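As structure tokens, the structure follows; a few thoughts come after it.
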There are 4 protein chains.
Amino acid sequence: MDVQKSAHAPSPTAERSRPDVTRRSQRSRQAIYEAALALVAEVGYPKTTIEGIAARAGVGKQTIYRWWSSKADVLLEAFLDLSEQAARAAGEDTHAIPDTGDLAADLKAVLRATVDELRDPRYEAPYRALAAEGVVNEQLGRDFLTKLLEPSLQLYVDRLRAAQEAGHVRPEADPRIALELFVAPLAQRWLQRSGPLSHAYTDTLVDYALHGLAPR
Amino acid sequence: MDVQKSAHAPSPTAERSRPDVTRRSQRSRQAIYEAALALVAEVGYPKTTIEGIAARAGVGKQTIYRWWSSKADVLLEAFLDLSEQAARAAGEDTHAIPDTGDLAADLKAVLRATVDELRDPRYEAPYRALAAEGVVNEQLGRDFLTKLLEPSLQLYVDRLRAAQEAGHVRPEADPRIALELFVAPLAQRWLQRSGPLSHAYTDTLVDYALHGLAPR
Amino acid sequence: MDVQKSAHAPSPTAERSRPDVTRRSQRSRQAIYEAALALVAEVGYPKTTIEGIAARAGVGKQTIYRWWSSKADVLLEAFLDLSEQAARAAGEDTHAIPDTGDLAADLKAVLRATVDELRDPRYEAPYRALAAEGVVNEQLGRDFLTKLLEPSLQLYVDRLRAAQEAGHVRPEADPRIALELFVAPLAQRWLQRSGPLSHAYTDTLVDYALHGLAPR
Amino acid sequence: MDVQKSAHAPSPTAERSRPDVTRRSQRSRQAIYEAALALVAEVGYPKTTIEGIAARAGVGKQTIYRWWSSKADVLLEAFLDLSEQAARAAGEDTHAIPDTGDLAADLKAVLRATVDELRDPRYEAPYRALAAEGVVNEQLGRDFLTKLLEPSLQLYVDRLRAAQEAGHVRPEADPRIALELFVAPLAQRWLQRSGPLSHAYTDTLVDYALHGLAPR
DNA sequence: CCGTAAGCGAGACGGTACGTCACGTCTTCGG
DNA sequence: CCGAAGACGTGACGTACCGTCTCGCTTACGG
């Protein structure tokens with residue numbers, strides 16, 4: 001049966017006729033990523049427009065709308081792509097947290113690297129833009145969190161668990177919360193410009209978080 | 001006397017023809033505040049437009065452009081006005097942190113109240129919008145910080161210093177950094193939706209921050 | 001040959017990025033013409049706005065700005081289009097001046113027809129508007145003259161020259177000036193409402209012009 | 001004192017509370033006339049605004065709205081004032097048409113003077129503006145006609161009647177129409193820029209009009 | 001190996017909002 | 001109470017982008 005299928009079946013599996021991924025132009029995709037990052041860096045996120053990205057990438061607007069649903073979406077993918085490139089360029093486990101046995105030292109080292117990264121002008125503009133958009137746009141916020149932040153945070157969870165097993169952290173402490181004690185203040189300062197970022201600052205955070213504010 | 005004064009000295013101090021503040025319509029100003037807050041709550045910040053605010057407030061666009069420089073600026077003032085009203089309505093020392101002698105209890109009480117406030121739908125939308133805009137727009141970010149956040153943070157600084165004098169906090173700890181240990185994680189979770197907000201959560205933060213993660 | 005031409009030479013002759021005429025929507029164009037003429041007739045030229053035309057035509061403002069430079073420009077083209085349609089509808093030589101051998105009779109016939117046309121409410125409003133705008137706006141005035149008036153005036157020149165050859169008009173008379181003797185007074189009366197328009201009036205003009213005011 | 005004055009009786013006699021003419025500031029009036037004429041000459045009629053006139057005249061907007069009903073109205077009065085001044089400056093019967101007994105010569109002389117006047121840059125801009133506005137705005141058109149044009153035209157009527165009595169013009173000719181034969185073409189050429197203005201041109205008009213186009 | 005259907009660059013289209021300008025009204029002060 | 005000043009509600013301006021929609025034109029595949 002099904003003799004007369006006649007299938008111009010537009011969507012094999014998809015519910016909403018997604019374009020044919022195999023025919024996608026990688027050339028255009030890369031050009032769009034580059035244009036998006038460049039524009040955000042040059043004129044800021046709000047003045048970055050889809051038309052502007054298309055023009056700069058030498059691409060039709062439809063090519064953007066075909067593959068992404070919004071400006072924020074383009075930028076998120078562009079940023080992820082940038083991160084991957086950077087990661088690949090810098091060798092494998094760039095962001096894995098070392099385990100020298102000295103938890104405080106390991107955390108300080110990683111946070112110092114983070115501070116340096118946050119100051120890299122290539123990252124600053126798009127990162128801020130994504131963070132801001134995520135605050136207001138729930139869908140993007142979730143994507144930003146799961147695709148970009150969670151993987152890094154998981155590394156802290158792993159390291160803290162190892163420290164617990166080694167008896168360097170209170171066994172009943174929840175690592176998912178514990179890591180916020182030094183990560184959140186850093187993020188906050190950077191996002192809100194509420195104070196200077198420095199290695200000394202993150203070192204202090206680690207000390208306070210590990211040993212508490214109350215006198216021993 | 002002074003018959004031939006003729007002095008129509010227009011600007012006593014002004015640098016560039018600012019409108020005459022004494023003639024400002026308080027009626028319009030209030031209507032604009034209300035419209036702005038309502039729209040942000042109803043349709044979200046990005047879909048809130050100056051034209052929309054003007055229409056809803058029954059006001060000309062120019063009346064907005066005359067007194068504010070941007071949508072964010074309007075919203076910031078509207079929010080400040082809302083806060084002031086709320087403060088006046090709730091009696092004097094609403095936000096002062098109590099000092100019962102038990103620092104942990106006092107902090108937990110305040111943070112629980114903060115959690116409740118962050119969940120108030122009247123505050124959520126505009127607060128998020130302002131926080132997001134401040135991330136990307138440096139000028140607004142600074143205003144947001146100094147006018148809205150700093151006064152609250154200062155209360156923590158004061159309470160922490162009192163605790164230091166009472167010997168409940170290590171004397172060498174910097175209160176400005178110390179407060180970030182419990183304030184920043186809460187802010188972060190709320191802004192990034194990276195976890196549930198609850199009284200239990202903030203209680204935990206206070207415990208971790210005061211006593212540290214390392215075993216005693 | 002020419003394998004690597006790569007020449008995407010964008011503008012062969014163009015001076016400054018004119019829109020692509022081949023992609024122009026004829027549907028919109030006609031709708032704009034109709035809306036413009038209707039609005040001028042209904043509310044008058046000064047109260048006719050580009051926004052109004054766009055709204056009535058169901059068209060974006062930009063579609064007007066893309067193809068025309070001003071309200072007057074739209075109206076001029078709309079009026080030209082209207083004239084062409086009317087001409088096509090009325091057969092070929094509508095406006096050609098007949099040559100029965102009796103110059104006075106021929107001129108009177110044509111001027112009577114002109115009087116009737118000037119009273120047609122479809123023509124009155126846009127025609128007045130264009131004439132008025134042309135007085136003040138030199139560029140439009142020239143367009144109005146060359147595209148709309150000159151062709152008609154040329155018909156008078158032709159007829160007068162034929163009359164000269166037939167010995168019915170003084171051979172040294174300049175037809176370009178001569179025609180003004182009966183055309184200009186009619187135009188003037190109509191534009192300035194300085195007197196009633198009637199067939200008797202134009203007949204009189206022709207008589208005066210052909211035979212002069214001085215007694216014979 | 002005067003605590004219970006309360007009398008803000010708005011309109012003592014008038015049907016529509018016209019302001020008290022006796023208190024009118026002549027200083028402001030003159031300043032407004034000058035500003036209006038200057039602006040029309042400098043930036044053109046459409047870009048001349050009431051606000052601009054008020055600012056340039058050092059006058060409140062209300063002072064203009066109190067005494068005039070529209071921009072066109074201001075300009076008409078300003079122009080009338082200018083004409084009167086010019087007339088007063090140039091002695092009495094400037095514009096009276098001479099009667100030397102030679103009608104053609106007299107008309108040529110007057111029309112030559114008119115051509116010269118039409119070229120005076122002080123007159124050109126406001127005159128054009130008023131003529132154009134009058135075409136489209138019936139009320140102003142009538143005022144323009146009766147206050148500015150009719151008095152001049154009447155002079156031609158008078159001169160033509162005198163010529164009729166002297167037997168130099170056909171007795172059955174209607175002077176009101178006859179004058180249009182040379183006045184309208186000149187006006188038309190000037191308004192529509194449909195040809196050069198020169199003394200030779202107006203001379204020709206007079207010859208054609210007086211002696212006709214048909215061969216004698 | 002050739003037709004056909006996709007992705008593509010381009011950009012016109014119906015719209016919405018922008019930020020500015022001028023309108024005509026209204027209110028405040030000073031003379 | 002006139003007049004200078006100018007804030008106000010209104011509405012049009014001309015521009016910038018939005019997201020959708022054709023247009024040819026490559027370009028890869030499947031009969």
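Note that the structure is a prediction, hence the values are computed from the model and not measured. Reckoned from all heavy atoms, side chains included, excluding hydrogens, waters and symmetry mates. In the text below, chain A, chain B and the rest are named by the order of the sequence lines, each starting its count at 1.
When each of dC13(E), dG9(E), dC8(F) is scored by its nearest atom to the side-chain atoms of S25(B), the top-ranked nucleotide is dC8(F). The Y65(C) side chain lies nearest to dT15(F) when the options are dG7(E), dG3(F), dT15(F). Side chain of Q62(D), nearest nucleotide from dG9(F), dA5(F), dC18(F): dA5(F). Of the candidates dA5(F), dG9(E), dG3(F), the closest approach to any side-chain atom of R23(B) belongs to dA5(F). Here the nucleotide nearest the side chain of W67(B), chosen from dC8(F), dC8(E), dG14(E), is dC8(F). Nearest to the side chain of I50(A), among dG9(E), dC23(E), dC18(F), sits dC18(F). Listed nucleotides: dA22(E), dC13(E), dA12(F). Nearest to the side chain of T49(D): dA22(E).
Under a cut-off of 6.0 angstrom, the local environment of CZ in R66(C) is crowded, with over 12 non-hydrogen atoms contributed by other residues, nucleotides or ligands.
At whole-Å resolution of the value, CZ in R27(B) and P in dT27(E) are 12 Å apart. Between the C1' atom of dA22(E) and the CD1 atom of I53(D) lies a distance of 12 Å, rounded to the nearest Å. At whole-Å resolution of the value, CD in E51(C) and P in dG14(E) are 15 Å apart. Distance R29(A) CZ to dG7(E) P: 14 Å, rounded to the nearest Å. Rounded to whole Å, the distance from CZ on R18(C) to P on dA12(E) is 12 Å. One atom, CG of D20(C), and another, P of dG9(E), lie 18 Å apart when rounded to the nearest Å. The distance from atom CD1 of I64(A) to atom P of dC18(F) is 9 Å, rounded to the nearest whole Å. Counting to the nearest Å, the C1' atom of dC13(F) and the CH2 atom of W68(C) are 18 Å from each other.
In terms of position along DNA chain F, the nucleotide closest to V21(B) lies nearer the 5' end than the nucleotide closest to the other residue of the pair V21(B) and G60(B).
R66(C) comes within 4.0 angstrom of a nucleotide base, judged by non-hydrogen atoms across all strands. Looking at heavy-atom distances under 4.0 Å, G52(D) makes no contact with the nucleic acid at all.
Among E51(D), E42(D), E34(D), the single residue meeting the salt bridge (charged side-chain N to carboxylate O under 4.0 Å, His left out) criterion with R56(D) is E42(D). Between Q26(C) and the choices Q30(C), R29(C), R24(C), the side-chain hydrogen bond (donor to acceptor under 3.5 Å, both in side chains) rule is met once, by R29(C).
Put simply, S28(D) has a side-chain N or O that comes within less than 4.0 Å of OP1 or OP2 on dA4(F).
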W67(C)/V21(C) under side chain to side chain contact (heavy atoms under 4.5 Å, CB included): CA gap, chis, key distance, verdict: CA-CA 9 Å; W67(C) 301 108; V21(C) 161; 4.0 Å; yes
Derivation of the side chain to side chain contact (heavy atoms under 4.5 Å, CB included) call for W68(C) and I50(C): CA-CA 11 Å; W68(C) 293 277; I50(C) 300 245; over 6 Å; no
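One cannot find a donor-acceptor pair under 3.5 Å joining the base of dG11(F) and the side-chain atoms of K61(B).
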